[in-house]
Every structure is written in structure tokens, then in C-alpha cells.
Amino acid sequence: MAKVTTPKPAELVTSIDLKPSAQQWMDIPTEIKPGTFCWGAKAKNLNIVEFPNARDWNPSEEDWKLPENWQEIFLTGMKNLLDKYRSFKVFMDICVRCGACADKCHFFIGSGDPKNMPVLRAELLRSVYRRYFTTSGKMLGKTAGARDLTIDVLKELWYYFYQCTECRRCSLFCPYGIDTAEITIMGRELMNQLGLNTDWISGPVANCYMKGNHLGLEPHAIMNSIEGMIDDIETITGIRINPSFNRKGAEILFVTPSGDLFADPGTFTCMGYLMLFHELGLDYTWSTYASEGGNFGFFTSNEMAKRLNSKIYAEAKRLGVKYIIGGECGHMWRVLTQYMDTWNGPADFLEVPVSPITGTRFDTSRSTKMIHITEFTADLIKNGKLKLDPSRNDDLIVTYHDSCNTSRGMGLLDEPRYIIRNVCNHFHEMPENTIREQTFCCGSGTGLNASENMELRMRGGFPRANAVKFVKDRHGVNMLANICAIDRATLSASMDYWVPGVRVTGVHEMVANALIMKGEKERETNLRGEPLPGKEGN
Amino acid sequence: MSIEQFLSEQKDTILTKWFDLVLDTYPPDTAVFLKKQDNPFANPVGHTIREGMGHVLDELVRETPSGQIGVFLDNIIRIRAVQDLTPERALSFIFSLKEVVREALRTASHQPLPYDELLAFESRVDRLALLSFDIFVQCREKLYDIKANELRKMTFRLLQRVNDMDEDQEKKPDPAG
């Protein structure tokens, strides 16, 4: 019988170490810890889009099954990116490590891990840049802040570039205007070349490439899902809505994230779009091919993002529409406003968007020909075109979370607030340094909204949740509104953990609840099937 | 002087030292940030932990406890339960209160406290530790619940539609008669 050795009490006590290491960051090895990372990409998904070095691999295993010449691939890839993007080279060179960004990242604030300070996260890559691309780094090595690209360094880069949501809050405070999100984008491009993608991102990318949307919904599934919503709307309002799909000659193409089609509470937002467009008699169509506003390709490589994005203009051209309206989504809008035009434009076959109801011409979108639905709806309200009864939302005490991409990425700050103030009677802002341009990320953007990295998500979500808790305690806030499909999914989880009692909604769910539709029956419930204020006893 | 009076008089000193010991469980750069940034929204972790510890101290010396001590502990532990801390490190702050109070008693210039009083106080801290284990486990269980719920939400609508279609199918008269 094997002899069992039990530790002595004194040994047990000394094994408890309460203090973390005080070494310099380069000397502290990175441990890949469960709860913090997403599972590795599956070979089959990478093969679908012809990404290199496809293989099944597991980040928690020692062997990542890298190609033999992985260093060469990485460094050649880095050289190509430095040559192609002058911004990347500038960002590698000009940081003076002033620390202005250090405490602005939600992941650092929530986790306390110094390698989540944006300056240090970028330094992980800069140290490699110095070693191979600068004279001082080549000659002086560690003294000049340079280090060799070892397997441990590669793993560290992977680990931390998937702990950044590219939210750009840090960039707001950088005196040099360094866009740390771009550094993460470059870092992930390099990982992509080694097949080091994550399953949560590469699955949706493959789906979107094959079927047109992240969830892999085929045309009948999309129509079936919307059919279900139409049934619910009829039950609630007595009105039967008949939207069209893939209709040639429609004036407007409507594109929204596919999350709105299946996952609550996004589905209620989607019902909101359907009801609003029906009430206006809008000449619009859904597409079952350009059926995704979001773009997870953006989290892998520039080229992949471009490929996935191309279907939107292609479908607009095929259907012969005049312009495009986009639904409530976050990163979709950064892609549409900052990249689409140069990737797949000019869309000179489309017209500058003009609201058929108010006649307003949206010159801000004269190049992309695509407007955000909150711009469209705010204009309707401003021109008195909607009959609204905000008291139907009187059970809601609302606050508004600015999605990183719509606020910092496209400056869409006031339209959603204007709508909310017109469809609700109780609205309270969170503290100034947590909203608008300074908004805190939900903690789960850029494809980090998997379940296996839940600890990371909760850490990153805490600064936002903390501000929500403040308005809940002070004003009794019970509803967190936003205009992003990922927010709707991930803030629900974050609220569940940090601020129970606060639910999450899209803005157009509240619009539709307040919207008085022609010929509707007296409504008893809201879109969630809950009794309207004053109808509780019915 | 009772231990309660002593703790009330020395509250600020004890709280500062206790908080410093919690900060020691974070890397040095992080500890500086958690200590120095005053804005509760820019530094929610430091602010929540310090504020929570202050309330816990108040509760320990209060003649009639408000029954809120679990809430204050929850605010602190909820954060530490998701940070990169082992359970022992996450909850070590409870036990470090004993060290801080003993040290304060050693250095304070007043009549020594009756030994029984100190033991009674330390027993209260031990009960606090037991309560903390509960809260820590609840937080971890909540995380697993959230993971499971996310998966359920992803498929709920889909299954609902399939079930509805099944029901419709059942309602249709059988063509074979």
C-alpha cells in the first residue's frame, strides 16, 4: 500500500502566499488561467475562410501545435503590417509611457492586473518590435526595453490581446492620440496568421461567410423567427404585420445584427423595428443574405472584415434599393462609418438617405448611404411624426449605456437620449465620467462574449456595473437601455452578477411600447408579455 | 474601556492599516492606483472595498447591529471572487483585521483590555469569516448560473419555435383519417 504523506501544519501555513510578485513585468511569467480565455478556433472553421495554419488546439495545453517556423511567420507578418500601416509604426515608436491611459481600461480597473494597463499591454508587443525592428533594441536588448520572441512571449501576447475589447477609452486620454485598439487589432492579425484564433470568433466568421450571418441562420430560419415575432405583435396589438424579404425595388434595405433575431432581449428590440416600420408604411425590405450587421471578421483580420462586409453593398445593389438603414448594434457601426466606404465603396449606385416621412436629408451619411436607426427615429420624433404614449413605460426607470463604438467610434451620443426622453418619463444619466465619450465598455466586446471567460467578463464589466448600481441606489433605476446587440446580451449577464434587479433593453423596444399604432386594440401588456402600468390586475 | 470604544476611537487608523493589508494582495502598481484614485467611478474596486470595510468595522462595534453586514461583505467579496485571486487570498482580508487590531492594541497608550474582550472580538471576526465563505461560494455559483443561462437564452427562441411547430402539427387532423 502506498504511503500517504500529509503536510505538517507548519508546511500548510507557509504554502499560503498572500502577496503577489513584485518583480518587473518582463520577469513575471504569464499563466494561462481558466475563466480568462476563450477556447481555440477549430480547424474546420478556419478552413472555410482559408485562414492559415488551421488546426484544433487548446490554449490550456502546453503544446499549441504551432507551425515550425512560427517566429518567421510572426516577424514577417509584423514587418508587413509596419510597412502597410504607418499608424502602427507611429504607435510603436511614440509612446512616452506617461501613464495617462494606464488606469482608464475597464479590464485593468476591474482586474488589477498591471498587464491590462493599455500602456503595458501595448508594451508587450513594443518590446518585440524594439528587439527586431530598432537598432537600439537589437544592440541593447532588455536595457532598451526589448525582448526575444519566445514561445512564452507569444502566449502572453495572445492572452492579453484577447483581454482587450478595442473600446478605445484609453485612446481618449492619450496625449499623443495613440489608438491602443489599433495595436490590439494588429496583434490579433498576427495571431490570425498563426491560426491562433478563438472559437467564439472564428465560428461566427465561418457562419457569416457561408450563410450571411453569425448564427448561421438560413433564409427559412430568419423568416420563421420574424414570423414568431409577428405572431407575438398581433397578440399584443391586434395588428398583423407583413414585412417583405429580399424584395427587389424596395426603397430601403434594413440590416441588423442577427443577435436581434434569436436572443432575448434583442428579439424585443427587433419587434420594435417591425412595429415602427409598419406604422410608418415604410417601403423597406429585409435581406436573408445580408442578414448580419455585425462583423466578427473585424476581430480577425482587415481582409476578412472586408470580405464579410461586402455583402451589404452587394445586396443593396442586387435589390436596387436607394439606401440602407442599420439596426441597433455597436461594432457594426464602427465598421460601417470608418471602414466600409474605403473597403467596398464608393456606393455611388445608392442615393444620399432622405427620410420619406420627414424629408430630412442625412448628409452625414452622404458617402456611406447608410444611417443608424436612432438617427432615423429621432428625426421622426423631432418632426412630430410619431404618436407616443410614454406612460406605457412608466414602470421603467431608465439609464442609458453608450456603446463604445457608437459613442467613440461614430459620435452618436444625443439621438438615443432624445428618443428615450420622448418614450419614457423616467430617465437618469449615470455619472459624467462613465458616459458619452468616456463610457465604460460592457466588458465583453470584440468577440469576448463567450461563456468560458466569464471571470474576465465580470472583471471588465465592473466599472460599467458600478455606475449602474449608483443610479439604481440613488434613483431606483431598473432598466439599462443601449443600442448594441452585444450589450443587450452581455450586460444582462453583468447586471445579473453585479446589480440584480436591473434589466436590459434596446431603445426601439421602448419606442414600440410607447408607439400608438393606427387600429391597434387596447394594449394590456408590453412586448415582453408583462402587464402595462395600470393593467396589472387584468 | 471596552473593545467597542477602542475600535470606535481608533477607527480611522485601523481602517487605513486594514485597507493597506488588502492592497498588499494586489501587485504594487495596482495597489498605488487603488489607494490614490479618489473618484468612486474611476476606481470602483478601491472605493467599494474601502467603503465596505468601513461599514464592516462600524457593524462590529455597534450595540445593535443593523443586519447589513452581509451586504457590505458581499460588495467586497463579489469583486474578489472574480479577480485573479485564490480563495485564500480573496478572503484573507477578514483575518488580517485581527492582526491590525492586535497591533493597534499593542501600540495604543491606554489600560490593557481584558483578555476576554479581545477573545470575544476575535470570535466575532471568525464568524465574519464563516459568513464570507458563504458569500464567496454564492458568488462563484452565480457565475456558473450565468454561464448556463447564457446557453439557455441562445437556444430558447429556437426551441420555442420548434415546439410551437410540433404543437401545430399535432393539432392538424391526421390525413390518413
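Convention: sequence-line order gives letters A, B, ...; per-chain numbering from 1. Just so you know, these numbers come straight off a predicted model, no measurement behind them.
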> Tell me, side chain or backbone of A:K104 under 4.5 Å from chain B's heavy atoms, or both, or neither?
Replying inline: neither
>> Using 0.5 Å steps for rounding, measure from the OG atom of A:S451 to the OH atom of B:Y144.
In response: 13.0 Å
>> Looking at every non-hydrogen atom in both residues, tell me the closest pair between A:M454 and B:E150 and how far apart they are.
In response: CE-OE1, 3.7 Å
>> Ignoring hydrogens, what is the shortest heavy-atom contact between A:N466 and B:P44? Give both atom names and the distance.
In response: ND2-CB, 3.3 Å
>> What part of A:A465 gets within 4.5 angstrom of chain B, counting heavy atoms only: side chain, backbone, both, or neither?
In response: neither
> Crowded around A:K115 NZ? As in, over 12 foreign heavy atoms under 6.0 Å?
Replying inline: yes
> What part of A:D496 is in contact with chain B, defined as an atom under 4.5 angstrom from a non-hydrogen atom: side chain, backbone, both or neither?
Replying inline: both
>> Can you tell me which of A:G259, A:P431, A:A467 forms the most heavy-atom pairs within a distance under 4.5 Å of chain B?
In response: A:P431
> Quick check: does any side chain N or O of B:R78 sit under 3.5 Å from a backbone N or O of A:Y497, one acting as donor and the other as acceptor?
Replying inline: yes
> Hey, which of B:N75, B:L151, B:V45 has the most heavy atom pairs under 4.5 Å with chain A?
Replying inline: B:V45
> Given a strict heavy-atom distance threshold of 4.5 Å, which part of B:T86 is in contact with chain A: side chain, backbone, both, or neither?
Replying inline: neither
>> Which atoms of A:A102 are under 4.5 Å from chain B, going by heavy atoms: the side chain, the backbone, both sets, or neither?
In response: neither
> Which answer fits A:T434, side chain, backbone, both or neither, if we ask what part of it has an atom under 4.5 Å from a heavy atom of chain B?
Replying inline: side chain
>> With a 4.5 angstrom heavy-atom cut-off, is it the side chain or the backbone of B:D74 that approaches chain A, or both, or neither?
In response: neither
> Given a strict heavy-atom distance threshold of 4.5 Å, which part of A:M117 is in contact with chain B: side chain, backbone, both, or neither?
Replying inline: side chain
> Top residue by heavy-atom pair count (under 4.5 Å) with chain B, among A:R459, A:E452, A:K33?
Replying inline: A:R459
> Between OG1 of B:T48 and CZ of A:F462, what distance do you get to the nearest 0.5 Å?
Replying inline: 4.0 Å
> Hey, is NZ on B:K98 packed in by over 12 heavy atoms from elsewhere, all under 6.0 Å?
Replying inline: yes
> Is A:D103 reaching over with its side chain to a backbone N or O of B:N43, donor-acceptor style, under 3.5 angstrom?
Replying inline: no
> What orientation do A:F470 and B:F41 show, parallel under 30°, tilted 30 to 60°, or perpendicular over 60°?
Replying inline: perpendicular
>> Are A:E455 and B:R140 packed together at the side-chain level, in the sense that at least one heavy-atom pair is separated by less than 4.5 angstrom?
In response: yes
> Of the backbone (N, CA, C, O) and the side chain (C-beta and beyond), which part of A:P114 lies under 4.5 Å from a heavy atom of chain B, both, or neither?
Replying inline: both
> Out of B:P40, B:S92, B:C139, B:P28, which one racks up the most heavy-atom pairs below 4.5 Å with chain A?
Replying inline: B:C139
> Between B:N149, B:I79, B:L85, which residue shows the highest count of heavy-atom pairs closer than 4.5 Å to chain A?
Replying inline: B:I79
> Say you draw a straight line from CD1 of A:I109 to OG1 of B:T30; how long is it, rounded to the nearest 0.5 Å?
Replying inline: 11.5 Å
>> Return the CD1 to OG1 distance between B:I146 and A:T490, rounded to the nearest 0.5 Å.
In response: 11.5 Å
>> Rounded to the nearest 0.5 Å, what separates atom CE in A:M458 from atom NZ in B:K142?
In response: 10.0 Å
> How long is the gap from CG on B:D84 to OG1 on A:T36, to the nearest 0.5 Å?
Replying inline: 6.0 Å
